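Here the structure comes first, spelled out in structure tokens, and everything after it is commentary.
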Amino acid sequence: MLDSYNREITYLRISVTDRCNLRCLYCMPPEGIPQKAHSECLSFEEITAIAREAAELGITKIRLTGGEPLVRSGIVKLVGMLREIPNIKVIGMTTNGHFLDRYADPLKEAGLDSLNISLDTLNGERYSRLTRGGDIRKVLEGIEAALAAGFPLKLNMVATEDTTEQEILEMQEFCQRKGIKLQKIREYSLKSHKEENDDFLYHRPPPCGGCNRIRLLSDGRLKPCLHSDKEILINMNEISQSIKETIENKPRCGSVCHTRKMVEIGG
């Protein structure tokens, strides 16, 4: 389906939870966020019904995000349910990697196609500081488990103000050695006006002119744009119409988002 600026919308990002086991400086506020009750989140059956309608409207790629998607109980089951939807060609997941040592094989068997793993540095102390207590050893174990399971991998590296050129070089060498694609992300804030990324050093955030995605949040709201306060509460009796409305309301360019934290949207 085309939006009003003639962009073909083929990509649905689904935040399955806003909960996370980490507290990354650029994603989660120090005080955290109010936790939603399970009853406030879409069920797997509802998510699958929405994805099925989206596929009929031209969505071919789904990415599961969070928060951290692997803290959602039964996530492997959801992957299997989505895998059965005709016309969905690619199912990916973005994760911090801490639980992949036990989830990589089941996710692969359920039909997950690819993984993006968030890792901003190879320095264990700095990693712990950036994530407010994360253990880099768990991420490295998760990477090995994902490679052993046969996943194509991307590492999402957010470059903060104090990221050094040496850290980037070390990450590039690490990824080259492991056969992993590195995706460098320039740190940005949802509360600052969206700027086009004209720096060739970074892969993200992407330019608005080629944006092909919409987002489904865990509480049942659709976002036409990450950098916007606009949301459409999905009508489960008129799913297709809700998706069409979301696509029709997709702005030409992102601006700012005051109403959500990054952890609620999944980037």
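Keep in mind that this is a model prediction, so the values were computed, not measured.
Among all heavy-atom pairs drawn from Ile59 and Ile88, the shortest one is O-CD1, 3.5 Å. Shown here for Ala51 and Leu12, the closest heavy-atom pair between the two residues is CA-CD2, 4.5 Å. Considering all non-hydrogen atoms of both residues, Val76 and Pro106 come closest at CG1-O, 3.7 Å. Counting all heavy atoms, side chain and backbone alike, Leu153 lies closest to Ala146 at CD2-CB, 3.7 Å. For the pair Ile247 and Leu2, the tightest heavy-atom approach, listed with the atom from each and the gap, is CG2-O, 3.9 Å. Shortest non-hydrogen contact noted between Asp101 and Ala145 is CA-CB, 3.8 Å.
Here CG of Leu64 is found 10.0 Å from CZ of Arg13. Values are rounded to the nearest 0.5 Å. Taken from SG in Cys175 to CG in Leu182, the straight-line distance is 4.5 Å, to the nearest 0.5 Å. Expressed to the nearest 0.5 Å, how far CG of Asn116 lies from CG of Asn156 amounts to 4.5 Å. To the nearest 0.5 Å, atom CG of residue Leu82 and atom CZ of residue Phe44 are 9.0 Å apart. With rounding to the nearest 0.5 angstrom, the CE atom of Met157 is 11.5 Å from the CZ atom of Phe174. The CD1 atom of Ile232 sits 14.5 Å away from atom NZ of Lys244, with the distance rounded to the nearest 0.5 Å.
Two residues are said to be in side-chain contact when any heavy atoms from C-beta on lie closer than 4.5 Å; Thr60 and Asn87 fail this criterion. Side-chain atoms of Leu42 and Ile50, non-hydrogen and from C-beta on, do get closer than 4.5 Å to each other. Looking at heavy atoms from C-beta onward, Ile234 lies out of side-chain contact with Arg221 at the 4.5 angstrom threshold. In this structure, Met1 and Ile9 have side chains that are not in contact, with every pair of non-hydrogen atoms separated by 4.5 Å or more. Counting only heavy atoms from C-beta outward, the side chains of Arg52 and Pro86 approach each other to under 4.5 Å. Taking 4.5 Å as the limit, every side-chain heavy atom of Asn249 sits out of range of all side-chain heavy atoms of Asp3. Side-chain atoms of Thr94 and Ile117, non-hydrogen and from C-beta on, never get closer than 4.5 Å to each other. Residues Val71 and Phe99 are in side-chain contact: their nearest non-hydrogen atoms beyond the backbone lie under 4.5 Å apart.
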Going through the checks in order, is the side-chain contact (heavy atoms from CB on, under 4.5 Å) test met by Ile180 and Leu147? CA-CA 9 Å; Ile180 299 169; Leu147 289 171; 4.3 Å; yes

Test side-chain contact (heavy atoms from CB on, under 4.5 Å) applied to Leu119 and Met171, step by step = CA-CA 9 Å; Leu119 182 61; Met171 191 69 78; 4.0 Å; yes

Point to revise | Candidate pair Leu107 and Leu100, rule side-chain contact (heavy atoms from CB on, under 4.5 Å), full reasoning | key: CA-CA 9 Å; Leu107 287 170; Leu100 281 176; 4.2 Å; yes

**Asked** Where do Arg215 and Ser15 land on the side chain to side chain donor-acceptor pair (under 3.5 Å) test, with the steps shown first?
**Response** CA-CA 8 Å; Arg215 290 168 168 80; Ser15 172; over 6 Å; no

For Leu78 and Val16: C-alpha separation, side-chain torsions, deciding distance, then whether side-chain contact (heavy atoms from CB on, under 4.5 Å) applies. CA-CA 10 Å; Leu78 175 61; Val16 297; 3.7 Å; yes

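With Arg23 contributing its side chain and Arg132 its backbone, the two residues share no donor-acceptor pair below 3.5 Å. Under a 3.5 Å cut-off, the side chain of Asp120 and the backbone N or O of Val158 do form a donor-acceptor pair. For the pair Ser128 (side chain) and Glu125 (backbone), a donor-acceptor distance under 3.5 Å is absent. Within the 3.5 Å criterion, the main-chain N or O of Lys261 finds a donor-acceptor partner in the side chain of Glu264. Of the possible donor and acceptor atoms, none in the side chain of Lys154 sits under 3.5 Å from a partner among the backbone N and O of Lys181.
Listed by first and then second residue, the salt bridge (charged side-chain N to carboxylate O under 4.0 Å, His left out) pairs involving residues 107-117 are Arg83-Asp113 (not counting sequence neighbours). Identified under the salt bridge (charged side-chain N to carboxylate O under 4.0 Å, His left out) test for residues 160-180, with sequence neighbours left out: Arg126-Asp162, Arg126-Glu167, Arg129-Asp162, Glu144-Lys178.
Remark: Asn96 pairs with Cys20, Asn21, Leu22, Glu68, His98 by the side-chain contact (heavy atoms from CB on, under 4.5 Å) rule, at least two apart or across chains. The salt bridge (charged side-chain N to carboxylate O under 4.0 Å, His left out) check on Arg102 picks up nothing, with sequence neighbours excluded. Take Cys257 and apply the side-chain contact (heavy atoms from CB on, under 4.5 Å) test, not counting sequence neighbours, and it matches Leu190, Lys223, Asp229, Thr259, Arg260, Ile265. Every residue meeting the side-chain contact (heavy atoms from CB on, under 4.5 Å) condition with Cys41, not counting sequence neighbours, appears here in chain and number order: Lys36, Arg72, Ser218. Partners of Glu238 according to the side-chain contact (heavy atoms from CB on, under 4.5 Å) rule, which considers only residues two or more places apart in sequence or in another chain, are Asn235, Gln241. Remark: Lys230 engages no residue in a side-chain hydrogen bond (donor to acceptor under 3.5 Å, both in side chains) (not counting sequence neighbours). Taking Asn123 as the reference, nothing meets the side-chain hydrogen bond (donor to acceptor under 3.5 Å, both in side chains) condition, with sequence neighbours excluded. Annotation: side-chain hydrogen bond (donor to acceptor under 3.5 Å, both in side chains) contacts of Tyr127 (sequence neighbours excluded): none.
Residues Met236 and Ile214 fall within the same hydrophobic cluster, defined by Ile, Leu, Val, Met, Phe, Trp and Tyr side chains chained together at heavy-atom separations under 4.5 Å. Criterion: ILVMFWY side-chain heavy atoms under 4.5 Å apart, direct or through other members. Under it, Tyr11 and Leu216 are not part of a common hydrophobic cluster. Cluster annotation: Leu226 and Tyr26 are assigned to the same hydrophobic cluster (Ile/Leu/Val/Met/Phe/Trp/Tyr, side-chain heavy-atom contacts under 4.5 Å, transitive).
Apart from Leu169 itself, the hydrophobic cluster it occupies contains nothing, where clustering links Ile, Leu, Val, Met, Phe, Trp and Tyr at side-chain heavy-atom distances under 4.5 Å. Listed by chain and number, the hydrophobic cluster partners of Leu25 are Leu130, where partners are ILVMFWY side chains within reach of under 4.5 Å, directly or through others.
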